[in-house]
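In this text, all values refer to a predicted model and were calculated from it rather than measured experimentally.
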Amino acid sequence: MSKQNLNLDISYQPLVEEEESEQSSNASSPKQTSPRDIELSDQTSKDKDTAGVTLYVYFIAIVVAIGGFLFGYDTGVISSAMLLLEQEFTMTALQKGIIVGAVTLGAVFGGAVAGYLSDLVGRWATSMFAALTFLGGAIVLSVAYTYSLLVVGRLIIGVGVGLASMVVPIYISEISPREYRGRLVTLNVLFITGGQVIAYLIGIAFVEFGGWRLMFGVSGLPPLIQLFFMPIIPESPRFLIKKGKDEEAKSVLKKIYPESSQGFIDKEIGIIHESIAEDETGSYKQLFHYPNLRPLIIACGLQAIQQVSGFDTAMYYGGTIMKMAGFVNIKDAIIFSLVVSLTNFLMTGVALYIIDGVGRRKILIYTVFATILGLFLLGLGFYFTTGFTPKQLNCIDYGNKCGACLLDDRCGFSKRDGGTCLPRNTKSTAASIGKVNFFSPINENKQENDDDGFYKNCPSLKPIYTWFTLVSLVIYVMAYALGLGHAPWLIQSEIFPLNVRGRATGIGTATNWLFNLVISVSFLPLTELITTTGTFWLYAIFMIFSWVFIYFMVPETSGISLEEIKGLFY
C-alpha cells in the first residue's frame, strides 16, 4: 500500500445528473414562458446554494482523514523498523514477510466488516472504532518482546487499516458538497502518501535513538488527536436519512451548504432518499450476470494488477531494498527510501491533476508500459549490485560472490584469501527475544561481533551501480504513482450501476488486499529463491500480461457521464 484506497462514494450523483437533465428539459418546454430568464435564475440560485467549501467541511474532512494518514504511516513505517527488527530478532525471510503481511491480513478482515459496520452503526462510530484499533495496535507493538506479539500488534493495526480504507473516503464523500467531492476525497489520498513520508522521517529520527519501539509507538498520537475531535463532528447525512433521522440530516446539510435555501436542502434530502431506495434493489447475485460481469472482471483485474506490479514491496521493504542495492548503512538506506516515498507522494499529486485531462485508459496504457521498463531496469540494477545467485545452504557455497553473500544475514564476505564468503561469528539473540527492552540502540544487535575481518560492502561494487538501482526504483515509482496507484480506484467507482456499486466496490477492495497479502509475504522468499533481480523481472512479466488486459478490456470513462458509462457494457 502505497495502497491508496479511493473508495469513492458518488452514489447519488447519477440522480443529480438526471435531475439536471429534467430541469434542462423543462426549461425548453412550451409551458415555460421565459426559458432563458428561468435558466439564469436557476443557475444563480444553484451557485448560491453550492458556493464554495466552508472551513467547517474542511475541518470534518481533515479529522476523518487522520484515518488515512494512519493507513499510510503504519504501512510505511515497517520499511524502516524492519532494518532494526532483523537485528534484534532472529527471523527467516518468511517470518519477516509474515510481520509485513500481518497488516494486510488484518486489513482483509477489517475491510470485509467495514461496510457492514458503517451501515449498522454509522460512519462516525466506525471511524471511532478504527481510531481505537490503531491506538491499541500502537501500544502492543511498542511493548512487544516476542515475535508473536509483533505479529499480533501488526494484525491489530491491519484491522484499523482495513476499516479506515473503507470508511474514510465514504465518510468524506458524504459530508462534502457534491461539486467539491473529488477534491475533498483527494485529501485522503494525500494523507495516505503523506503518512508514508512521515513514517520515513520518523525512521530517520529514531534509527539511532529509541529504535523500532518508538517508531511504532509514535503512531499512537494521531488516533488520540482524532478521538479528541471526533465528538464535535457530525454523522454523515446519508446515514442519518437511512436511519429515518431526516431533521438531523437537514441540520448537517445546512452546515455543509450554509448559503442554501430550504428548497435546496429539501431537494438534497429527496435525492438521498431515492439513492438509498435504488441501492436496496441490488444484490450480489446481479454482479455475476450481464451487464455487470465485465465491469466486475475489470475492477478486480485492475486491483490485482496494482498489486502484482510489486509496488507495495517498495513501500513495505524500501529500507531492505536500499540495503540490497548497496546502501549498507541503515540510516542511509532509510534516507534513500524517503526519496522513493516522496516521489510517490509528489507523483500522486500530479496524477490527480492530469487524470481527467489525459483519460483513465490512456494514462494506464502509457504508465504500465513505463512500469515494465522501470521494473526491468530495477532488476538490471540488482544484477549489477548483488548478482544472480539464489540463497545457498551454507555461506561457503557463495564462494567469491560478494553481493549474494552480504544479502544473507548469516554470512560475511571475508578479507582472507582474496575475498570469500564465510559464516559470521555472531552472538545468539535468544536472550534478547525473551526480554523487554523498550529502547533498542542499533549497536546492541546480533552482528555486534563483526570485526575488521569482514567487508561492510563489496570491494568490487561501483557506486554507479548503486545509484543506477536507486534511479531505476524512482522511475518505477513515478510510473506506478501516475497510473496504477490511482486509476484502478477511480475506474472502479465509475463503472458500476448505482444499485450494485457498493457491493462491487467491496469485492474489488477485497481483491486488492488479498493480492497485497500474497505479494508482500512472498517477496523476501522469492528473492532468496530466484534472487532480487529475478523477482523484479517476474513482476515485469506480470505487467506485460497486465498491459494486454488493460488494452483489450478497459474502456475510457473520462469525460462521459455515469449514465453513459453504464451504456458501455450493454
Side-chain angles (χ1 to χ4, degrees), residues 1-6 72 75-76 79 97 100-101 104 107 165 189 192-193 196 298-318 320-321 337 340-341 343-345 347-348 350-351 355 360-382 469 472-492 508-509 511-524 526-527 530 532-551 553-554:
M1 189 207 290
S2 107
K3 178 143 10 299
Q4 302 150 4
N5 287 297
L6 285 174
T75 53
S79 173
V100 173
T104 305
S165 69
V189 184
I192 292 171
T193 53
Q196 292 169 340
I298 291 171
C300 292
L302 288 176
Q303 296 292 9
I305 289 168
Q306 186 185 79
Q307 293 306 316
V308 300
S309 70
F311 173 78
D312 278 348
T313 63
M315 290 292 102
Y316 297 158
Y317 298 102
T320 301
I321 291 172
S337 296
V340 175
S341 184
T343 301
N344 180 40
F345 177 74
M347 289 301 103
T348 298
V350 174
I355 194 165
R360 287 81 155 125
R361 181 178 185 274
K362 186 179 292 185
I363 203 169
L364 278 174
I365 288 174
Y366 291 155
T367 58
V368 168
F369 181 82
T371 302
I372 295 169
L373 177 63
L375 284 166
F376 174 77
L377 293 175
L378 187 57
L380 190 62
F382 280 110
T469 307
S472 299
L473 183 58
V474 169
I475 292 172
Y476 162 57
V477 172
M478 288 177 63
Y480 172 90
L482 285 171
L484 282 173
H486 181 71
W489 299 103
L490 182 54
I491 292 172
Q492 177 177 277
T509 301
T511 301
N512 185 289
W513 283 117
L514 287 171
F515 274 85
N516 184 308
L517 176 63
V518 172
I519 296 297
S520 60
V521 172
S522 65
F523 174 70
L524 288 180
L526 272 176
T527 62
I530 61 173
T532 310
T533 296
T535 301
F536 282 107
W537 283 351
L538 178 63
Y539 295 156
I541 293 171
F542 289 157
M543 295 309 295
I544 291 172
F545 288 106
S546 299
W547 188 91
V548 174
F549 174 88
I550 291 168
Y551 186 85
M553 288 291 292
V554 179

Taking all heavy atoms of [X] and all of [Y], pick out the closest pair and write down the distance.
| X | Y | value |
| --- | --- | --- |
| I519 | S522 | O-OG, 3.3 Å |
| I298 | F549 | CA-CZ, 4.0 Å |
| C300 | G508 | SG-CA, 4.3 Å |
| P488 | G483 | CD-O, 3.8 Å |

Out of curiosity, [X] [atom1] to [Y] [atom2], how far, rounded to the nearest 0.5 Å?
| X | Y | atom1 | atom2 | value |
| --- | --- | --- | --- | --- |
| L490 | R360 | CG | CZ | 4.0 Å |
| T313 | L524 | OG1 | CG | 9.0 Å |
| T193 | H486 | OG1 | NE2 | 11.5 Å |

Under 3.5 Å, which donor-acceptor pairs do the side chains of residues 361-380 form with other protein atoms, sequence neighbours left out?
unit_1, atom_1, unit_2, atom_2, d
R361, NE, V554, O, 2.8
R361, NH2, Y551, O, 2.6
T367, OG1, I363, O, 2.6
T371, OG1, T367, O, 2.7

Legend entry - Close side-chain approach of Q303 and W489, heavy atoms under 4.5 Å: yes
Legend entry - D312 vs S520 side-chain heavy atoms within contact, under 4.5 Å: no
Could I get the full list of side-chain contact (heavy atoms from CB on, under 4.5 Å) partners for [X], not counting sequence neighbours?
| X | value |
| --- | --- |
| I530 | L526, T535, L538 |
| L517 | T104, L105, V521 |
| M347 | T343, V350, M478, A481, L482 |
| S309 | F311, Y476, Y480, L484, M543 |

Inset, instruction - Output all residues satisfying ring-ring contact (aromatic ring centres under 6.0 Å, His included) with F536, sequence neighbours left out; order by chain, then residue number. - result: F382, F523, Y539
Legend entry - From CA spacing to verdict: side-chain contact (heavy atoms from CB on, under 4.5 Å), T509, Q492: CA-CA 9 Å; T509 301; Q492 177 177 277; 3.9 Å; yes
